[in-house]
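Working notes, structure below.
In what follows, chains carry the letters A, B, and so on, assigned in the order in which the sequence lines appear, proteins first and then strands, with residues in each chain numbered from 1. Values below: every heavy atom of this structure, side chains too, minus hydrogens, waters and symmetry copies. Remember, it's a predicted structure, so these values are computed and weren't measured experimentally.
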Number of protein chains: 2
Amino acid sequence: MAMHLGRLSAGPCWRAARGCCGELRAWAPRSAAGRLCRPPGTAGPEQSRGLGHGPKTRGGPRLRTWLAAGLAGLAGLAAAAFGHVERAEMVRKSSGTQSPPPGKPEEEDDDLARRCSCFMALPVTDLRELRGRPGDMKTKMELLILETQAQVCQALAQVDGGARFSVDRWERKEGGGGISCVLQDGRVFEKAGVSISVVHGNLSEEAAKQMRSRGKILKTKDGKLPFSAMGVSSVIHPKNPHAPTIHFNYRYFEVEEADGNKQWWFGGGCDLTPTYLNQEDAVHFHRTLKEACDQHGPDLYPKFKKWCDDYFFIAHRGERRGIGGIFFDDLDSPSKEEVFHFVQSCAQAVIPSYIPLVKKHCDDSFTPQEKLWQQLRRGRYVEFNLLYDRGTKFGLFTPGSRIESILMSLPLTARWEYMHSPSENSKEAEILEVLRHPRDWVR
Amino acid sequence: MAMHLGRLSAGPCWRAARGCCGELRAWAPRSAAGRLCRPPGTAGPEQSRGLGHGPKTRGGPRLRTWLAAGLAGLAGLAAAAFGHVERAEMVRKSSGTQSPPPGKPEEEDDDLARRCSCFMALPVTDLRELRGRPGDMKTKMELLILETQAQVCQALAQVDGGARFSVDRWERKEGGGGISCVLQDGRVFEKAGVSISVVHGNLSEEAAKQMRSRGKILKTKDGKLPFSAMGVSSVIHPKNPHAPTIHFNYRYFEVEEADGNKQWWFGGGCDLTPTYLNQEDAVHFHRTLKEACDQHGPDLYPKFKKWCDDYFFIAHRGERRGIGGIFFDDLDSPSKEEVFHFVQSCAQAVIPSYIPLVKKHCDDSFTPQEKLWQQLRRGRYVEFNLLYDRGTKFGLFTPGSRIESILMSLPLTARWEYMHSPSENSKEAEILEVLRHPRDWVR
């Protein structure tokens with residue numbers, strides 16, 4: 001099922017990738033996805049509009065959550081990305097986004113080839129198919145997640161210095177596949193996984209029944225319901241206890257009913273898990289995400305920040321997994337293009353929100369006690385992912401899913417001590433307090 | 001809620017406990033529970049009779065499984081002990097067990113005081129109450145689990161040499177409490193937890209409703225259903241990768257319906273998780289358990305061995321957690337006394353099945369690669385406990401349960417490597433093969 005593509009270091013391969021991104025910039029104006037290579041944080045003001053969930057769409061939140069967890073599990077998008085059904089209000093504040101003008105076919109071909117040469121591996125979808133539907137959201141999203149994967153891997157490899165990514169390209173028997181890139185036991189990173197998956201097929205009769213039992217009548221054709229799902233998912237655990245862990249995941253779903261009606265929605269998020277609290281870091285991280293959100297509406301960051309705090313909750317501990325970030329699901333308005341631009345802004349914010357923090361702290365000195373506290377917090381990370389994360393659980397319990405891609409989110413090492421309790425006024429108690437009572441880092 | 005009783009080492013306290021057990025031997029003939037102090041493996045043939053699940057008892061397997069998971073979670077019995085509803089056939093082959101003759105009250109008082117002085121802490125139930133119902137199964141089982149806890153802790157501390165047990169006596173707001181003993185980062189043991197709990201109260205209206213929705217009509221009184229649950233639960237992780245991990249749990253439940261009818265049943269088991277396969281060890285472990293079972297019927301070991309292989313299955317990996325042992329639940333025939341004697345034999349078998357293996361291997365030399373493989377297997381242990389074990393999950397998701405007692409089953413340290421795969425014909429591949437295809441170790 002999986003094809004191991006060997007290990008890529010930050011050597012010539014990465015230089016080639018960087019060079020390639022230079023090329024991409026010239027190409028960018030013709031394609032929204034191409035804008036990923038624009039220097040981060042410079043997204044134009046033209047994308048400032050409200051986003052929400054279409055309240056009138058058939059299927060509704062339950063179907064969507066089920067699909068989000070289900071498809072993600074199957075595809076190995078997992079990590080920590082589904083659930084908490086909320087519906088943002090639909091606030092269309094302005095409209096002005098236009099579809100990119102269709103490029104000449106031969107130029108598109110050249111562009112696609114150039115873009116592909118940056119990726120960690122060839123797209124999951126056949127290039128001829130991608131060329132055949134250049135303006136389709138499935139094409140744009142697949143290119144976005146591939147570029148995000150490549151750019152994040154590149155940035156991580158640069159920071160790590162000697163690290164090597166293993167690259168596995170795998171196929172899903174039922175349709176589609178993925179590319180899992182993992183850097184393990186490097187100089188800076190204990191474990192960094194960046195995985196993409198692009199899957200499609202038919203929802204099973206069982207799945208359709210389950211939806212009917214939830215009150216949803218879906219127009220299946222001969223009991224079938226075609227779907228497409230794709231996403232990028234990543235968890236990055238540095239070695240130094242003063243460098244925080246990050247997780248992000250951005251995904252897109254389509255379900256096609258018998259009458260040809262397509263339901264679509266986006267989901268995603270990005271959250272930070274530091275071992276120790278560094279206020280400056282927390283503010284930088286949240287501010288970067290807020291700036292990405294604010295380009296698309298002032299209500300998005302506050303709403304998605306709270307959603308993140310609510311989702312990453314380790315109930316039996318009464319703590320959040322980390323200091324949060326943003327989390328959203330079921331995002332299907334005001335338009336496919338506009339939500340895509342929002343998701344693109346979020347994906348672009350990953351590197352500037354996180355890489356400066358790792359660079360700042362990866363060579364900090366630390367004590368054995370600080371390393372131990374990091375390992376205990378890693379244990380809590382494992383508890384959240386195995387006990388609460390819906391995508392992880394669904395994936396593990398679904399026959400045929402790629403276990404290694406789902407569990408790459410787990411840290412290399414973790415620790416559980418009986419009755420460990422930080423002493424009062426310690427740095428360990430300080431972060432626990434924040435995990436128990438989330439703060440607003442930017443306003 | 002919890003009272004920390006300090007740390008007990010294998011010093012004078014242990015000598016006192018051992019001396020005390022010498023006293024107990026003289027006392028043993030008057031009490032079945034007292035026989036625990038008989039040298040292990042010498043249980044008499046008089047207990048040879050069949051055991052099963054009473055098919056006519058109200059409540060049935062679903063109720064029982066629900067209760068097993070539920071009460072265990074609340075009480076911190078958790079670890080790995082519930083599920084897999086099976087009903088053994090009722091085979092009453094002979095009958096001859098008699099209730100112990102009632103002792104003189106003042107002698108009972110002396111006996112109880114002597115027995116209590118061996119325990120890690122005073123019984124959970126008030127001594128006056130225990131004295132008031134000497135022949136009651138709740139009394140006998142509470143004393144059995146307290147003695148099992150003390151003897152196992154004693155044996156572990158002796159092997160470890162310098163290790164210290166922390167002893168926490170905790171109370172449950174709703175009724176009852178427990179004693180959790182944990183030895184952490186010792187010379188021989190990475191983490192060894194031996195916990196008992198004795199809880200009682202009323203099943204909630206919600207719980208009663210849930211049972212009704214499952215087709216069970218229980219005679220509640222004003223919506224209440226009194227219950228008692230008690231058990232001993234333990235997971236022991238040695239440091240040396242050639243010394244195996246053991247888990248055991250023995251428990252007793254009572255539910256009283258409005259008409260005074262009491263349903264009761266026992267559950268439990270004991271299983272071994274080696275990092276590397278040692279055939280001699282596997283045979284010794286299983287043979288010791290088989291001998292304990294065979295005293296009570298020839299069909300018990302084969303049935304409960306298979307049940308164990310089925311229960312401790314990490315489905316997403318296609319592997320068992322370890323090389324098995326025995327597992328049973330819902331055991332309620334031929335009589336309370338007879339099942340108690342069976343459970344007692346099983347509890348007595350823990351030390352002789354396990355301690356010789358630890359003594360044999362705790363000073364084995366090992367390579368860094370062997371330690372690493374142990375850590376990866378520890379990761380699988382965590383996966384089973386957090387993803388599959390019903391008692392653990394129910395406990396963690398039930399407000400008010402004692403999290404630290406439930407999670408003491410997790411190893412001190414664990415590791416997850418992406419795409420780790422042992423090379424062919426290696427020792428790592430050898431144990432994996434056994435975990436994928438359980439063997440019969442004794443016939």
#### Entry: Any donor-acceptor pair under 3.5 Å from A:K393 side chain to B:L387 backbone
no
### Interatomic spacing from OG in B:S405 to CE in A:M419 - rounded to 0.5 Å
8.0 Å
### Separation between CG of A:L386 and OH of B:Y388, rounded to the nearest 0.5 Å
10.0 Å
## Note on the structure
Applying side-chain hydrogen bond (donor to acceptor under 3.5 Å, both in side chains) to A:Q375 and not counting sequence neighbours gives A:T413
#### Entry: Members of residues 376-383 of chain A whose heavy atoms come closer than 4.5 Å to chain B
A:V382, A:E383
### Query
For A:A414, is it the side chain, the backbone, both, or neither that has a heavy atom closer than 4.5 Å to a heavy atom of chain B?
both
### Task
Working to the nearest 0.5 Å, report the span between OH of A:Y418 and CD of B:Q184.
9.5 Å
### Message
How long is the straight-line distance from NZ of A:K191 back to CH2 of B:W416, given to the nearest 0.5 Å?
### Response
8.5 Å
### Query
When rounded to the nearest 0.5 angstrom, what distance separates CD in A:E417 from CG in B:L412?
6.0 Å
### Task
For the residue pair B:L407 and A:R317, establish whether any side-chain heavy-atom pair is separated by less than 4.5 Å.
yes
### Task
Would you please name every residue forming a salt bridge (Lys or Arg N to Asp or Glu O under 4.0 Å) with A:D160, sequence neighbours left out?
none
### Task
Could you list the residues that satisfy salt bridge (Lys or Arg N to Asp or Glu O under 4.0 Å) with A:E174, not counting sequence neighbours?
A:R172
